[in-house]
Amino acid sequence: MARISLSRFLIEQQREGDALSAQLRLLIEVVARACKAISYTINKGELGGILGSLGTENVQGEVQKKLDVLSNEILLEANEWGGHLAALASEEMDTIHLIPHRYPKGEYLLVYDPIDGSSNIDVNLSVGTIFSVLEAPEGASTRDVREEDFLQPGSRQVAAGYAVYGPQTSLVLTFGKGVFGFTLDREVGSWVLTQRNIIIPEGNREFAINMSNHRHWVPQVRQYIDDRLAGREGPCGQDFNMRWTGSMVADIHRILNRGGIFLYPWDARDPARAGKLRLLYEANPLGLIIEQAGGSAIDGTQRILDIVPAGLHDRVAVVMGARDEVEAFQSYGSAENGIGRVT
Ligand code: P6P
């Protein structure tokens, strides 16, 4: 593949159609540059003093790692001044962040998880950054954006992407016209196009789920997994493999490239909670990417991208991956209120 930089790719995409406005192109370039800075910071590890926790909790009630807060600040500072955003929101911030009046406001909203899987940081395992782009409301230039302006279904995303900080640093993007992958060339500090129109392979028999929650799942989920654990002697007639990295974005990146299915279903540990993962900045952006790569993304009952959020930090049950495997999951049935929850 000829060596095409992210900037050249974005300019070519902008010429080809209306999917990429000048402001959206700038937004993507700014976020990609911030992900590059995060990658370099992660790579320093203990040498950069970025390991460990701050002893504070985020709005999720989770202990904040130093890198959670640092990465959030990198993305915030990178995006405030460019004039492409009207506001932004983050897993690490309780409420939305308005663009300061000293900067011009743009036509987009950015919502992100600065470091997904942050418990992996201190043990040198893959983590990632996930982001979702929505259109700002009409009149955002004349009034302050409000939290409810972010509460759009995932089908309204105009772009989504993630970076995975692993053996390589990868960036995966979609603007609704296919999925494209880039690899960070650390020698020159630029993103290089390495994958065009990624399509999830079918027929891969790998599932990603946290098996320690088995006793808390509803019967449909238990049966779906038990049938796969039974292997070739069981009803599926073939052996399966399991992976669980503790970072959704790393699991999804694997599924995007070699197939399989990712599940974080509702479980009875916290019955009032629809799921563990967050809708706006995990399930929606990754769900759009999975669908654009030919896969399927549901909460167990309905398409994730159809869910209208009630709050910025809504949680949701997640089943996403290769279409054939998600359809196999759906054949086990489901209930009205989500992932087969038995009321
Ligand atoms: P558990 C990371 O905290 C995360 O939000 C996802 O990235 C990951 O897939 C999941 O939670 C891991 O959850 O319960 O296995 O620790």
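Predicted, not measured: the structure shown is a model, and the values here were computed from it. Counting convention: from 1, in listed order, for ligands and their atoms alike. Position 1 is the first residue of the sequence; numbering continues from there.
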Legend entry - Minimal non-hydrogen separation, Trp217 against Asn210, with atom names: CZ2-O, 3.5 Å
Inset, instruction - Using a cut-off of 6.0 Å, state whether more than 12 heavy atoms not belonging to Asn124 lie near its atom CG. - result: no
Inset, instruction - Check Glu62 against ligand 1 and report side chain, backbone, both or neither, counting heavy atoms closer than 4.0 Å. - result: neither
Inset, instruction - Between Gly246, Ala250, Ser247, flag the one that comes closest to atom 2 (C) of ligand 1 by a heavy atom. - result: Gly246
Inset, instruction - Can you pull out the closest protein heavy atom to atom 14 (O) of ligand 1? Residue, atom name and distance to 0.1 Å, please. - result: Tyr264 OH, 2.6 Å
Legend entry - Lys36 NZ to Trp191 CH2 distance, which is reported to the nearest 0.5 Å: 8.5 Å
Inset, instruction - Mind checking the CD1-OG1 spacing from Ile4 to Thr194? Nearest 0.5 Å is all I need. - result: 11.0 Å
Legend entry - ligand 1 N/O within reach of Met248 N/O, cut-off under 3.5 Å: yes
Inset, instruction - Taking only heavy atoms of Glu282 into account, list the atoms of ligand 1 that are under 4.0 Å away from them. - result: 5 (O)
Inset, instruction - May I ask you to check whether Trp244 and Phe207 place their ring centers less than 6.0 Å from one another? - result: no
Legend entry - N or O pair under 3.5 Å between Trp244 and ligand 1: yes
Inset, instruction - Name the orientation class of the two ring planes belonging to Phe180 and Phe9 (parallel below 30°, tilted from 30 to 60°, perpendicular beyond 60°). - result: tilted
Inset, instruction - Have a look at ligand 1 and work out which part of Leu277, if any, has a heavy atom under 4.0 Å from it: side chain, backbone, both or neither. - result: side chain
Legend entry - Any N or O of Lys276 closer than 3.5 Å to N or O of ligand 1: yes
Legend entry - Sub-4.0 Å atoms of ligand 1 with respect to non-hydrogen atoms of Arg278: 5 (O)
Legend entry - Expected output: side-chain Gln152 to main-chain Asp149 donor-acceptor under 3.5 Å: yes
Inset, instruction - Mark yes when over 12 heavy atoms from residues, nucleotides or ligands other than Glu138 sit less than 6.0 Å from its CD; otherwise mark no. - result: no
Inset, instruction - Give yes if a backbone or side-chain nitrogen or oxygen of Asn210 is under 3.5 Å from a nitrogen or oxygen of ligand 1, and no if not. - result: yes
Legend entry - Contact atoms of ligand 1, heavy-atom distance to Phe262 under 4.0 Å: 9 (O)
